[in-house]
2 protein chains.
Amino acid sequence: MTKISSAPDLAARPRLRAASKRSLATSLSILDAAEILFAERGYDGASVRDIAAAAGAQIASVSFHHGSKEALFARVVERRAKELSRLRLEALAAAKARPGPLTLEAVLEAFLRPYLEKAGLHGSGAGDPQWLAYARLMAIVSADARWHAISERCFDPTAGLFIAEIARLFPKADTARIAVAFVFSVAAMLSLSTSRWRIHALSPTAPAAAGMDDLANGLVRFCEAGFRAALDG
Amino acid sequence: MTKISSAPDLAARPRLRAASKRSLATSLSILDAAEILFAERGYDGASVRDIAAAAGAQIASVSFHHGSKEALFARVVERRAKELSRLRLEALAAAKARPGPLTLEAVLEAFLRPYLEKAGLHGSGAGDPQWLAYARLMAIVSADARWHAISERCFDPTAGLFIAEIARLFPKADTARIAVAFVFSVAAMLSLSTSRWRIHALSPTAPAAAGMDDLANGLVRFCEAGFRAALDG
DNA sequence: GTCTATATGTAGATAGAC
DNA sequence: GTCTATCTACATATAGAC
């Protein structure tokens with residue numbers, strides 16, 4: 001297994017001038033291919049060679065644009081983290097701006113819906129295949145202690161804000177319990193990316209493509225009820 | 001990445017006579033080491049060489065006793081699956097034998113407690129390190145479509161029985177919804193093996209070692225409430 | 001910035017002596 | 001059954017021509 005250094009060099013080398021159009025295209029297609037392959041096969045399972053081949057690039061271009069494999073992985077994860085956080089925080093702000101008191105359901109929706117929508121798990125449209133891969137990638141990062149540092153940088157700050165928001169809704173609840181329920185909810189959310197095959201294996205009658213909205217609504221209801229039960233006791 | 005064949009040879013070669021004591025010990029120590037390393041690093045991240053070294057065995061012994069790496073992985077997963085299923089089904093039978101009507105909570109407890117207990121996540125004792133590793137391994141198998149076949153053999157039959165039991169408790173509920181809630185619950189359960197570090201990262205005040213029982217009880221309450229909400233609608 | 005060629009390490013698997 | 005030695009393939013990474 002590759003050793004993970006604690007502070008990877010994120011840039012291959014300092015960029016001295018603006019990159020050309022072609023250079024940018026190469027760099028991007030490498031990121032896209034890496035996103036797909038890391039999501040499909042995991043960090044160790046996806047080779048830089050295969051990533052370069054899938055991107056239609058030379059293997060040396062990968063090092064040139066993104067440095068080490070580890071730095072490439074971090075870049076892939078970081079690339080969409082900001083947008084996802086922005087969508088979640090915007091949804092939270094919108095929920096708070098609505099008249100009437102803020103509800104737990106609204107807070108959970110604000111956190112879960114952007115993920116589900118981007119991953120094509122509900123709403124209209126099939127979903128961007130890159131975002132679909134990214135959704136799986138988040139599950140990989142979340143489940144592996146090796147990527148703790150990346151998770152802390154990319155996801156935990158926003159998660160912390162949502163937990164704080166929920167703590168305001170339940171002033172008497174123990175923060176630790178909120179964090180536990182939050183982790184359960186995230187696990188359930190991510191299972192839609194990693195374990196949809198299991199749902200169909202376990203339920204012969206489960207709708208194949210239809211019922212995506214059902215899945216998404218079911219997730220929110222499941223988590224909200226779970227949260228209330230966890231915080232009431 | 002290694003290609004996964006659809007029907008791996010599980011035995012290196014047909015066994016013609018009883019194995020010697022030393023042979024059994026070697027075979028076992030390889031399984032134990034593989035369990036730990038696969039759980040820590042994943043299938044691709046753990047090398048057969050490292051497994052052999054950790055077992056204090058030669059690399060050639062691994063092939064001799066367990067065949068290919070893929071077959072070794074399957075054996076490691078299968079080894080404890082039977083015992084876990086037995087514990088779960090015994091707990092379910094005991095719940096049904098108790099006076100009074102069977103409750104959803106009792107069914108979920110019967111499924112979740114054996115896992116939590118074996119993984120050392122609640123109750124007395126620190127938990128067998130081998131079972132702790134196995135609990136992580138189950139998360140790896142569940143999240144990766146590559147191990148679909150193993151999951152189908154080892155875990156889905158028992159899961160199907162529990163789903164059928166829940167379906168009897170909620171005759172009007174859609175089976176597909178039960179399966180979805182079940183997958184959410186399993187994901188939450190497994191997150192206790194893969195994401196406990198996240199709980200502590202998100203909650204500065206979370207109890208470090210204490211509160212294991214809290215975690216376990218919280219899981220059951222979370223899942224039960226989630227189930228009811230998912231099946232009521 | 002891109003490409004060829006290569007350096008260097010490690011992977012899984014097995015042949016054959018003991 | 002175990003052990004040494006080795007085969008072959010593939011991994012990451014980089015040097016240097018263009």
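All values reported here derive from a predicted model rather than from experimental measurement. In what follows, chains are A, B, ... by sequence order, proteins preceding strands, each numbered from 1.
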Checklist entry - Within less than 4.0 Å of OP1 or OP2 of D:dT14, is there a side-chain N or O belonging to A:Ser63? => result no

Checklist entry - Counting only side-chain N and O atoms of A:Ser23, is one of them less than 4.0 Å from OP1 or OP2 of C:dG1? => result yes

Next on the checklist: Is the phosphate of C:dA11 approached by B:Ser47 (side-chain N or O, under 4.0 Å from OP1 or OP2)?
Outcome noted: yes

Next on the checklist: Which is more 5' along DNA chain D, the nucleotide nearest B:Arg49 or the one nearest B:Leu24? Just name the residue.
Outcome noted: B:Leu24

Checklist entry - Rounded to whole angstrom units, what separation is found between the CZ atom of A:Phe73 and the P atom of D:dA13? => result 14 Å

Checklist entry - From C:dG12, C:dA11, D:dG1, pick the nucleotide closest to the side chain of B:His65? => result D:dG1

Item to check | Side-chain N or O of A:Ser61 closer than 4.0 Å to phosphate OP1/OP2 of C:dG1 | outcome: no

Checklist entry - Can you check the B:Asp44 CG to C:dG12 C1' distance for me, whole Å? => result 12 Å

Item to check | Options D:dG1, C:dT4, C:dG1, nucleotide nearest the side-chain atoms of A:Gln58 | outcome: C:dT4

Checklist entry - What is the distance from CZ of B:Phe38 to C1' of C:dA11, rounded to the nearest Å? => result 13 Å

Item to check | Pair A:Phe162 + A:Phe182: ring centers closer than 6.0 Å | outcome: no

Checklist entry - Which is true for A:Arg22 with a 4.0 Å heavy-atom rule: it touches a base, it touches only sugar-phosphate, or it touches nothing? => result sugar-phosphate

Item to check | Exam field: side chain A:Tyr43 to backbone A:Glu70, donor-acceptor pair closer than 3.5 Å | outcome: yes

Next on the checklist: Does A:Lys118 qualify as a cation-pi partner of A:Tyr134, given the criterion of NZ or CZ under 6.0 Å from the six-membered ring centre and within 45 degrees of its axis?
Outcome noted: no

Checklist outcome for this item: Between NZ of B:Lys21 and C1' of D:dG1 the distance, given in whole Å, is 17 Å

Next on the checklist: Side chain of A:Ala60 only, heavy atoms from C-beta on: which candidate in D:dA15, D:dA11, D:dT2 is closest?
Outcome noted: D:dA15

Item to check | Geometric class of the B:His148/A:Trp197 ring pair [parallel <30°, tilted 30-60°, perpendicular >60°] | outcome: tilted

Checklist entry - Separation of B:Leu72 atom CG from C:dA11 atom P, in whole Å? => result 15 Å

Checklist entry - Quick one: does B:Tyr115's side chain have a donor or acceptor within less than 3.5 Å of a partner on B:Ala135's backbone? => result yes

Checklist entry - From the list D:dT2, C:dA13, D:dA13, which nucleotide is the closest neighbour of the side chain of B:Phe64? => result D:dT2

Checklist entry - Over how many whole Å does the gap from A:Ile59 atom CD1 to C:dC3 atom P extend? => result 13 Å

Next on the checklist: If you assign B:Ala57 and A:Val48 each to the DNA chain D nucleotide with the nearest heavy atom, which residue ends up on the more 5' nucleotide?
Outcome noted: B:Ala57

Item to check | Separation of atom NZ in A:Lys69 from atom P in C:dG9, rounded to whole Å | outcome: 18 Å

